[in-house]
S.K.: 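My questions will all concern the structure given below.
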Amino acid sequence: MSPLAHGLRALVYLYRWTLSPFVGWHCRFQPTCSHYAIEALERHGAIRGSWLTLRRLGRCHPWGGSGYDPVPGTASRPVDRGCDGGGHADATQAAVAAHRENP
């Protein structure tokens, strides 16, 4: 992370430790906006991470959405389980190939 991203992340932590307890725990989204900001800064850097955080804060109002809203680029992708569905496709293929060579 760049020094600017570290500084912005420090400001988010400062907010979490000082003002957040007084604001309350009324988050509309998961992850919370401060967690989202930290993750966006770590993943995308100072400029894009700040832009994503500002967009997220703009959506946080009584008429806005709610629910799960991950940082773009961090959504969990389906794991490639290979042909057998268990994640051991390479080992299975190697075992079959070895069996064919030495029956």
Side-chain angles (χ1 to χ4, degrees):
M1 278 186 359
S2 69
L4 181 58
H6 278 289
L8 292 171
R9 187 177 69 166
L11 289 175
V12 173
Y13 277 116
L14 182 66
Y15 161 78
R16 288 174 89 177
W17 293 328
T18 58
L19 297 176
S20 182
F22 299 110
V23 173
W25 302 102
H26 306 291
C27 297
R28 302 180 58 80
F29 294 105
Q30 284 297 324
T32 64
C33 289
S34 60
H35 187 264
Y36 183 97
I38 290 169
E39 189 174 345
L41 290 167
E42 288 174 352
R43 181 167 287 280
H44 296 288
I47 304 298
R48 181 157 164 74
S50 296
W51 171 246
L52 291 170
T53 300
L54 290 173
R55 282 185 44 208
R56 169 68 175 272
L57 291 173
R59 290 191 305 267
C60 189
H61 55 80
W63 303 280
S66 63
Y68 182 62
D69 182 29
V71 175
T74 61
S76 60
R77 296 182 180 144
V79 176
D80 182 15
R81 299 277 184 205
C83 61
D84 64 348
H88 304 290
D90 293 335
T92 303
Q93 290 171 356
V96 169
H99 180 68
R100 286 184 185 156
E101 291 174 2
N102 300 320

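Note that these values count all heavy atoms, side chains included, but never hydrogens, waters or copies made by symmetry. Just so it is clear, the structure is predicted and the values come from calculations on it, not from any experiment.
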S.K.: Using ring-ring contact (aromatic ring centres under 6.0 Å, His included) as the criterion, list what pairs up with W63, not counting sequence neighbours.
M.R.: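 Partners of W63 under the ring-ring contact (aromatic ring centres under 6.0 Å, His included) test: none.
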
S.K.: To the nearest 0.5 Å, what is the distance between NE2 (H35) and CD (Q30)?
M.R.: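 Result: 9.5 Å between the selected atoms.
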
S.K.: Give every residue pair that meets the salt bridge (charged side-chain N to carboxylate O under 4.0 Å, His left out) criterion with at least one member in residues 49-61, sequence neighbours excluded.
M.R.: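 The answer is R56-D69, R59-D69.
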
S.K.: Looking only at atom types and distance, does a side-chain atom of H44 sit under 3.5 Å from a main-chain N or O of P72, one as donor and one as acceptor?
M.R.: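 Yes, because the side chain of H44 sits within donor-acceptor range (under 3.5 Å) of the backbone of P72.
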
S.K.: Just verifying a value: how many Å separate S34 OG and L19 CG, rounded to the nearest 0.5 Å?
M.R.: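 It comes to 11.5 Å.
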
S.K.: With a cut-off of 6.0 Å (strictly less than), are more than 12 heavy atoms of other residues, nucleotides or ligands near CD1 of I47?
M.R.: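 Incorrect, the count does not exceed 12.
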
S.K.: At their closest point, which heavy atom of P31 faces which heavy atom of Y68, and how far apart are they?
M.R.: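 Reported closest heavy-atom pair: CD-CE1, 4.4 Å.
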
S.K.: Hydrophobic clustering (ILVMFWY, side-chain heavy atoms < 4.5 Å, transitive) - are I38 and W17 grouped together?
M.R.: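 Yes, it is one cluster - the side chains of W17 and I38 are joined through contacts under 4.5 Å.
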
S.K.: Can you list, pair by pair, the side-chain donor-acceptor contacts under 3.5 Å of residues 2-10, counting residues two or more places apart and other chains?
M.R.:
{"residue": "S2", "atom": "OG", "partner": "A5", "partner atom": "N", "Å": "3.1"}
{"residue": "H6", "atom": "ND1", "partner": "R9", "partner atom": "NH2", "Å": "3.4"}
{"residue": "R9", "atom": "NH1", "partner": "E42", "partner atom": "OE2", "Å": "2.9"}

S.K.: Name the one of V12, L41, L52 that satisfies side chain to side chain contact (heavy atoms under 4.5 Å, CB included) with Y36?
M.R.: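 Option passing the side chain to side chain contact (heavy atoms under 4.5 Å, CB included) with Y36: L52.
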
